[in-house]
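All remarks here apply to the structure that follows.
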Amino acid sequence: MPAAIRTCPLCEATCGLEITVDDGSVPRVRGDRDDVFSHGFLCPKGVGLGELHTDPDRLRTPMRRTPDGDFEPVSWDEAFAEIDRRLAPILADHGRDAVAAYIGNPNAHSLSALVYGRVLLKALGSRNIFSASTVDQYPKQMASALMFGSGASVPVPDVDRTDHLLILGANPLASNGSLMTAPDIRGRLRAIRARGGRVVVIDPRRTRTAREADEHHFIRPGTDALLLMAMVHVLFAEELVDLGHLAEHVEGVDEARALAADFSPEAVEGACGIAAGDIRRLAIELGAAPTAAVYGRIGTTTQAFGTTASWLVDVLNVLTGNLDRPGGAMFATPAAGSPNTTGQPGRGRGARFGRWASRVRGLGEVFGELPVAVLAEEIETPGDGQVRALITLAGNPVVSTPNSGRLSAALEQLDFMVSVDLYRNETTRHADVILPAPSPLERSHYDLALYLFAVRDVANYSPPVVERAPGTPDEWEILLRLTGVVTGQGPDADVAAIDAFVAAEAVRRQTATPGSPVEGRDADELLAELAPRVGPERILDLQLRTGPYGDAFGARPGSLTLAALEAAAHGVDLGSLKPRLPGALRTASGRVELAPEPLAADVARLHDELARERNGGIVLVGRRDLRSNNSWMHNLPLLVSGPARCTVHVNPADAARLGLIDGEPARVRSRAGEIEVPVEVTEDVMPGVVSIPHGWGHDAPGAVLSVAREHAGANSNILADEQLLEPLSGTAVLNGIPVELAPVRAAEPVPAA
Ligand SMILES: Nc1nc2c(c(=O)[nH]1)N[C@H]1C(S)=C(S)[C@@H](COP(=O)(O)OP(=O)(O)OC[C@H]3O[C@@H](n4cnc5c(=O)[nH]c(N)nc54)[C@H](O)[C@@H]3O)O[C@H]1N2
Ligand SMILES: Nc1nc2c(c(=O)[nH]1)N[C@H]1C(S)=C(S)[C@@H](COP(=O)(O)OP(=O)(O)OC[C@H]3O[C@@H](n4cnc5c(=O)[nH]c(N)nc54)[C@H](O)[C@@H]3O)O[C@H]1N2
Ligand code: SF4
Ligand SMILES: [Mo]
């Protein structure tokens, strides 16, 4: 049986897979040993692509909700006719903002969605755009935009060359890395230690990653910014600040020193739960290492000081001279689609936030979106601009976003909802029409987003592994047909014509961009050279050819094109990360902003945090498991076999205090809601902290998830509080939620009257 070579689209590690397909079934998925980046590594989810492809619950036909709340299969034409009949009047009568959109995580792994999702959203023209980013990485991207001028400029740890890696709030051995595309991270961490380097982990849980490290410290959730501020304080106090090659590119060093003045290790140790001596040593070791990188992820972003902590991670990288040098924290040079490789290098317009605000709570826009924590209230609250319709694209906000109970109820109040998804699940069961996306194996793949954050520059394109059923559109065609509806072209818009228009615009923009390798060239000529490609491949070819390694349409012969990638099934290696300053900067000053005003201002809140009384209450954090992928892969038997994973981890001291027993259910309550989960008593979580994984709770009526239903678990986001947000980016606090726990006792016998 011939095997196809294909990049895995499921997480950020971008592993190369070798997939054997036999008459519709997928008997084998293995790691591609010849992949230029992953060298044969894969995880169980990659193997699960086979079960995903053949899953009988996966939707293959559009579904329409019937008046009795059930669903019936309909043709694609009927589905779009229904969407047009219902959506067009809402847009006409109530305006663009009446239709909201929610963009889920798998969009970041889909070439189709990255290119054409943007087209649909622009055409929709609504201010009510939401995504998984405000329950995820926006704090990091906001800090990056303020410091470096673009949210795409997130420094990634140069793990393959560093001597010292400090990891906060990330568990890449379970997550396989995030904002750090690095297949086989365990191998890469082991290599650091094998060459005499050091790995330090800061996490309220003793994770698999912590076990791989030289040193691990528990930290009180939400206090990373205090720890990092104290480390900044120590670097200045011990005269370890050495910007080295960065000196001429950095603004605000004195401000940073002043901001850290009050945050000595002794001042923060009580709040963080890390001894002052350890904090001082961690800072000195970081400053003294020949090369070092500080890296923070979900535990440092989806928390009360997400943007400030994310900023301080890179303040440490700058003050130790490690930003933008081999072995430090560096910017990738992706082959396609990065804002920091287009336009004039070294300077830009900088970042602007809060260009509009949410209607009900007045929360500011970030990167063109509103915080997803306001979605429910925007649907519930009557008045001008009320959200009456919702489009979800590859998202499951009912499980993934705070106060799931409230959001789930709110979705039932919508006049109309349409979802593009693989399943009828907790979210899409509320839709009036569900449009099935093709299976991942039925579409092509290129990691337009993730190579922005890769620890090595690579480029890998995969064609579809199997053909779609006749008459079934690709996801980009679905998105463009929706674009037709929202632009008033009706249900049967000419998708090819919209696509041609999109491509022509993209080419014209390139030829008009100062500094582009095709600046001033004839747009029609370039378009002709892209023929006969259409769809995402046409746009990708354009981006590759005008990118940093591109052939510039003949001006740099022999350089990168999509054709070159098609000829290289295992990918093209573009080398180690390269120093990019000042060229990568897009700040107005043309310098790295070490103390941008909004972040400097938030330090006042850190002062308050130091002064805050701690009441000894319990806080909830999350956790990830290797065999989960957020909320949506629990319908695959391979990934849910074995003991139940949706449990609450409780430290033995807390278990004893609260009367919780290992294996018995506990009731966990927050301001937002209440769930029951089995207790797992473990030393691996620090006292005062409990942990429940997100992405469970698959017992919703009307969802078609026959396997997941048998392993339902409980939805931890019933507990997450939609009122508890990080103020700068509006990102939800998913780590550090105050909760109360009690044992669930068997009902007391009722005495006879
Ligand atoms: N408490 C807590 N909550 C969290 C987190 C946490 O750590 N703790 N993490 C947050 C993070 S980081 C994220 S990214 C979000 C994720 O939030 P979401 O993106 O809303 O949720 P997912 O579970 O990723 O759901 C993805 C949806 O896309 C569908 N899908 C999968 N592949 C495709 C495809 O190719 N095309 C289409 N059209 N649909 C597809 C799936 O069926 C599923 O419905 O969750 C967040 N929620
Ligand atoms: N197997 C698997 N892989 C995934 C996913 C998945 O659901 N399952 N989801 C994917 C997605 S969308 C993302 S965004 C990435 C996320 O990638 P990671 O950020 O690596 O995700 P987690 O494994 O949740 O690690 C977060 C860690 O932060 C810790 N933590 C919680 N609160 C705090 C705090 O206040 N301070 C500190 N220092 N630590 C804290 C938690 O205990 C946890 O160990 O993973 C991706 N990969
Ligand atoms: S680590 Fe990520 S990219 Fe690699 S096989 Fe697993 S899910 Fe796929
Ligand atoms: Mo995420």
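As the structure lists them, so they are numbered: ligands from 1, and atoms in each ligand from 1.
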Report task. Under the side chain to side chain contact (heavy atoms under 4.5 Å, CB included) rule, collect the residues that match up with His109, sequence neighbours excluded. Result -> Glu12, Asn105, Leu450
Report task. Would you mind telling me which of Ser462, Pro536, Pro463 makes a side chain to side chain contact (heavy atoms under 4.5 Å, CB included) with His445? Result -> Ser462
Query raised in the report: Short question: side chain of Asn735, backbone of Gly622 - any donor-acceptor pair under 3.5 Å?
Result: yes
Report task. Write down, by chain and number, every protein residue that brings a non-hydrogen atom to less than 4.0 Å from an atom of ligand 1. Result -> Tyr102, Gly104, Asn105, Pro106, Ala132, Val135, Asp136, Ile298, Ala394, Gly395, Asn396, Pro397, Ser400, Val420, Asp421, Leu422, Tyr423, Asn425, Ala437, Arg443, Glu475, Arg624, Asn630, Ser631, Trp632, His694, Ser716, Asn717, Leu734
Requested in this report: Salt-bridge test for Glu442 and Arg468: reply yes if a basic N is under 4.0 Å from a carboxylate O, no otherwise.
Outcome: no
Query raised in the report: Any idea how Tyr451 and Tyr446 line up, ring-wise: parallel (<30°), tilted (30 to 60°), or perpendicular (>60°)?
Result: perpendicular
Requested in this report: Please check if atom CZ in Arg33 has more than 12 non-hydrogen atoms from other residues, nucleotides or ligands closer than 6.0 Å.
Outcome: no
Query raised in the report: Sequence neighbours excluded, which residues qualify as side chain to side chain contact (heavy atoms under 4.5 Å, CB included) partners of Arg64?
Result: Glu72, Val74, Glu82
Requested in this report: May I ask you to say whether Glu722 pairs ionically with Arg671, meaning some side-chain N is under 4.0 Å from a carboxylate O?
Outcome: yes
Query raised in the report: Do Asp474 and Arg443 sit within salt-bridge range, that is, some charged N less than 4.0 Å from a carboxylate O?
Result: no
Requested in this report: Mind listing the protein N/O/S atoms less than 2.8 Å away from atom 2 (Fe) of ligand 3? Waters don't count.
Outcome: Cys11 SG
